[in-house]
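Structure, as structure tokens:
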2 protein chains.
Amino acid sequence: MRVSRAQAEENRQTVIDVASRLFREHGFDGIGLKDLMEAAGLTQGAFYKQFASKDDLAAQASERAFESGIRRWSAAAEANPKDPLGAVSALFLSMGHREETGDGCPVVALGADAARQGPDVKASFEAGIRKYLEMLGPWLGESDGEASTDKAMAILSTMVGATILSRAVNNKRLSKRFLQAAAKSVKELSADAAQKGQL
Amino acid sequence: MRVSRAQAEENRQTVIDVASRLFREHGFDGIGLKDLMEAAGLTQGAFYKQFASKDDLAAQASERAFESGIRRWSAAAEANPKDPLGAVSALFLSMGHREETGDGCPVVALGADAARQGPDVKASFEAGIRKYLEMLGPWLGESDGEASTDKAMAILSTMVGATILSRAVNNKRLSKRFLQAAAKSVKELSADAAQKGQL
DNA sequence: ATTATCTATAGATCTATAGATAATGC
DNA sequence: ATTATCTATAGATCTATAGATAATGC
């Protein structure tokens, strides 16, 4: 039954990957260790050789979810270097992202859950959120670093909030409108920032 | 053991009130019927004479939470009739609201959870969210109704997202900055709207 | 000899139901 | 007679641990 050290490490990584998806789909309290481990192709008994607790896995899975998010932002930005913010905003505020609960932004799926978790999960969120802000800042063309961070925070808040609102309602038209209104607002905020930066 | 019909109805209302608070504090999956009923001064056995299921209570408790939210918005707006949006924005984006998880905005506390619930909970959310938008619209002074709704959606998104981000991180400074950045952005968005309305 | 995973289980908790009890409402 | 609430419990599930097993790594 024992596997090689390399295989064990690979299994551990698989558990984190699977958890990062299933936690986002069902919430931290919406899925148990048995289902998580089985989705990773293992049994529940193997869990505690790999992780200290469910909370420990939650923190690591959150970190992994942010890594995936950052990678997607980078890819979108690189594919559209003339307007990276427009590309990320279009991706974030798409109906595709609204429906893709398992591989979408961790703040949207688990931000409110994270607020109720221990300091480890919150630390993962804080680190991931800071990375998002660091990416957004340079795209805003403000000369002043502080004003740029303020704009980045407002833009991230708008995108996160709109996607949550979009997911929380039944009506598809309303759902779509939240995303469109947010995209319009993000555009105006960034145009405003670029204008100020040129003064 | 039986109580009067009036008392039974009062008990039912108490359960909904208690649930609207405890669901917001712990999430729909973070608290059980036993604890909810005991917090309302009853035993678990009485639950199913009052509600069809936990999901049924979740939908009614969500509705109740929005009623409370609307009442607070109205009170803030009436206390500051010259700048109702400024008053609501200041209240929403305060550290008090950030910490007041049990009596705060239901979208912030349970929006992501609601996305994973059945159509009844989502219907409660949709109705509550539409009420919020109806309140915000007239404060924006746009001549065009559609543009006004867009702005209202963007402002609500910004406030909801910022509060979630503010709650999800450990660092208090960062927490506060999200709220401040969002307040600044809401102010600019509404000033922008007022300007356009006067053209 | 060590250890990654397995099966099995402890002990708590979850939603939901059943039947008893005691007060209301006709 | 009806019924709101109670106690008790079914049956499932939860996190976490214990001990067995079988392969790795020294």
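Quick note: numbers below take in every heavy atom, side chains included, and nothing from hydrogens, waters or symmetry partners. Convention: sequence-line order gives letters A, B, ...; per-chain numbering from 1.
Looking at every heavy atom in both residues, B:Thr163 comes nearest to B:Arg98 through CG2-CA, 4.5 Å. Looking at every heavy atom in both residues, A:Ser175 comes nearest to A:Ser166 through OG-O, 2.5 Å.
As rounded to whole Å, 15 Å separates atom C1' of C:dC14 from atom NZ of A:Lys34. For the pair B:Phe47 CZ and C:dT13 P, the interatomic distance rounds to 19 Å; values are reported in whole Å. Atom CG in A:Leu33 sits roughly 16 Å away from atom P in C:dT13 (whole-Å rounding). Atoms CD (A:Glu38) and C1' (C:dC6) sit 12 Å apart, rounded to a whole Å. For the pair A:Asn11 CG and D:dT24 C1', the computed distance is 14 Å after rounding to whole Å. The separation between B:Asp29 atom CG and D:dT15 atom P is 11 Å, rounded to whole Å. Remark: P of D:dT15 and CE of A:Met37 are 12 Å apart, rounded to the nearest angstrom. Summarising the geometry, the separation between CD1 on B:Ile31 and P on D:dC14 is reported as 19 Å, rounded to the nearest angstrom.
Nucleotide D:dA10 has C:dT15 as its partner under the Watson-Crick or G-U criteria, with both atom distances under 3.5 Å. Base pairing analysis places D:dT21 opposite C:dA4; the two distances defining the Watson-Crick or G-U wobble pair are each below 3.5 Å.
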Report task. Go through the steps for A:Leu36 and A:Phe47 under the test side-chain contact (heavy atoms from CB on, under 4.5 Å), then give the verdict. Result -> CA-CA 9 Å; A:Leu36 284 170; A:Phe47 182 82; 5.8 Å; no
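Mapping B:Lys49 and A:Tyr48 onto DNA chain D by nearest heavy atom places B:Lys49 at the nucleotide closer to the 5' end. Residue A:Gln7 is the one, among A:Gln7 and B:Arg2, whose nearest nucleotide of DNA chain C lies closer to the 5' end (criterion: closest heavy atom).
Look at A:Glu188 and B:Lys151 and you find a salt bridge, because one of the NZ, NE, NH1 or NH2 atoms lies within 4.0 Å of a carboxylate O, short of that distance. The pair B:Arg130-B:Glu126 counts as a salt bridge, with a side-chain nitrogen and a carboxylate oxygen less than 4.0 angstrom apart.
Nucleic acid contact class of B:Ser4 (heavy atoms, under 4.0 Å, all strands): sugar-phosphate only.
One finds the CG atom of A:Leu174 at 4.5 Å from the CE atom of B:Met153 (value rounded to the nearest 0.5 Å).
Residue A:Lys54 places its side chain closer to D:dT15 than to any other of D:dT15, D:dC6, C:dC14. Of the candidate nucleotides D:dA23, C:dT5, D:dT7, D:dT7 has the atom lying nearest to any side-chain atom of B:Thr43. Relative to the side chain of B:Arg5, the nucleotides C:dG25, D:dT5, C:dA4 differ in distance, and C:dG25 lies closest.
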Could you write out each protein N or O paired with an N or O of nucleotides 8-12 of chain C at a distance under 3.5 Å?
none

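Taking the six-membered ring where the residue is Trp, B:Tyr132 and B:Trp73 present parallel rings, their angle staying beneath 30° rather than reaching 60°.
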